[in-house]
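In this chain, residues are counted from 1 in sequence order. Counting starts at 1 for both ligands and their atoms, following the listed order.
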Amino acid sequence: MSKFKYQNLTGMHDILPTDQVFFKKINKVLEGVSHYYSFDKIETPIVEFAEVFSKAVGTDTDIVGKEMYTFRTKGQDLVCLRPEGTAPVMRSYLEHGMHNLPQPVKLWYVGPFFRYERPQAGRYRQFHQFGFEAVGDKNPSIDSQIIQMSYDVLKELGFKNITIEVNSIGDSECRPYFKKILTSYLKSKKSSLCSDCQRRLKENPLRILDCKEEKCQRVKAGAPQIIDHLCEACHAHFKQVLEFLDELELPYTLNPYLVRGLDYYTKTVFEIIETSETGTSLGTLIGGGRYDNLAKMLGGRDTPGCGSAGGIERIIEVMKAKEEKAGGSKKPEEAKIFLAQLGQMAKMKSMKLFEEFRTAKIPVAESFSKDSLKSQLRAADKMGAKWVLIFGQKEALENFITLRNMETGTKKEITLDKVVEEMKEKLKNNK
Ligand SMILES: [Zn+2]
Ligand SMILES: [Zn+2]
């Protein structure tokens with residue numbers, strides 16, 4: 001019998017007390033941002049049926065094809081250790097009939113995930129991820145809210161040089177045609193591709209755009225762009241997402257070759273990237289996108305969704321490098337203010353205003369995905385909001401907002417640049 005040597009498995013690591021402070025800090029920020037945006041926590045099991053991922057993520061991805069910890073249980077079920085978080089959340093949504101709840105169902109998670117990757121610095125086989133998922137709503141405001149929240153997490157953690165890359169990868173309406181054009185371009189360059197990509201050419205040409213090999217990057221630079229081939233619906237959706245991002249003044253760039261390697265993505269995809277002082281990319285910290293086909297791929301009813309996920313070890317690595325001191329952030333209070341909006345322009349401006357309230361640490365509730373004022377006021381009443389800020393079409397045009405006191409029924413008009421200040425005063429006097 002060989003002598004047992006006490007050590008971790010390759011790619012597994014202990015989170016020692018010295019690292020716990022970083023986990024704690026990230027958790028606090030996640031709880032704060034999730035609470036502010038009304039995302040509720042969900043925990044799914046570490047072990048799932050392997051099919052949850054082979055159907056959703058795709059068998060020809062590295063994640064499922066090469067890196068899954070798959071095994072048979074004593075009862076002969078083919079199961080695996082979860083390699084990612086979105087498919088299990090959707091599985092849970094479908095299993096528990098969450099379509100009966102008010103939509104979108106906003107969920108967040110944090111926990112360990114498993115991928116049998118080649119061992120390399122900073123890559124673990126058991127790693128931790130957090131994610132936000134908004135399921136059941138196809139409104140582009142949801143996409144921008146997910147991007148904003150993901151960005152907020154990094155900002156709250158003290159990240160300064162971060163940028164957002166966005167793209168749209170279309171849907172089942174327009175992507176097949178683009179795939180054809182892309183394939184014929186890539187076929188003409190086949191000899192210049194790496195061996196992995198020559199194989200991908202048959203299985204999934206889109207993934208070639210994801211390849212990090214330098215020779216493939218060169219081929220990519222001349223490839224057709226999906227953005228030029230989006231169908232009307234995808235184009236309109238993407239245009240609105242970008243308008244929201246503009247309005248929120250988020251620092252984004254269009255990356256026409258960003259695809260994200262998973263089968264379930266449709267329309268919007270994005271990555272938040274850390275950059276050096278000079279602007280070169282130092283790697284992705286958070287990534288995500290829309291997954292309107294995922295529910296159907298899992299055999300469920302047609303359900304749109306959008307989400308993001310971030311790798312905690314990678315974020316900690318950067319935090320350590322920056323020598324950020326670990327500290328706490330305050331848990332936000334319950335919202336007494338509700339922000340209601342009517343019309344596209346008002347919606348965009350409200351999202352910006354909502355963010356200003358967050359920066360001022362004033363809790364505000366919203367329902368951006370609802371279009372009717374009546375249902376928004378009902379939601380405000382239900383949560384017991386004391387004040388409702390109404391942002392209608394006239395208000396948006398003339399840059400003011402109508403404040404309604406829900407207890408007395410009195411109304412007041414406030415110019416937009418004074419709103420945050422005035423509400424701050426009101427909250428102070430209300431205590
Ligand atoms: Zn390649
Ligand atoms: Zn389309």
| query | Centroid-to-centroid, F354 to Y36, below 6.0 Å? | reply |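 For F354 and Y36, the ring centres are under 6.0 Å apart.
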
| said: Less than 3.5 Å apart, any donor N or O on the side chain of E84 or Y264 sitting next to an acceptor on the other? | reply: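 The criterion, which ignores hydrogens and geometry beyond distance, is satisfied for Y264 and E84.
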
| query | Which angle, to the nearest 10 degrees, do you find at the Zn ion (ligand 1) between SG in C197 and SG in C211? | reply |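 The angle at the Zn ion (ligand 1) comes to 110°, rounded to the nearest 10°.
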
| message | So that I can check it, does any N, O or S atom in E232 come closer than 2.8 Å to the Zn ion (ligand 2)? | response |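 Of the N, O and S atoms in E232, none lies under 2.8 Å from the Zn ion (ligand 2), which means no.
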
| request: Give a yes or no on whether H235 keeps an N, O or S atom under 2.8 Å from the Zn ion (ligand 2). | output: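 False for H235.
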
| said: Parallel, tilted or perpendicular, judged at 30° and 60°: which one describes the rings of H13 and Y124? | reply: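 It falls in the parallel class, under 30°.
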
| query | In D171, the N, O or S atom nearest to the Zn ion (ligand 2) is which? | reply |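 So the atom name we want here is OD1.
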
| How wide is the angle at the Zn ion (ligand 2) between SG of C234 and SG of C231, to the nearest 10°? |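 It comes to 110°.
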
| query | Is any side-chain N of the basic residue among E203 and R200 closer than 4.0 Å to the acidic one's carboxylate O? | reply |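 Salt bridge: no.
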
| Electrostatic pair R123:E117 at N-O distance under 4.0 angstrom |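 Yes, this pair counts.
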
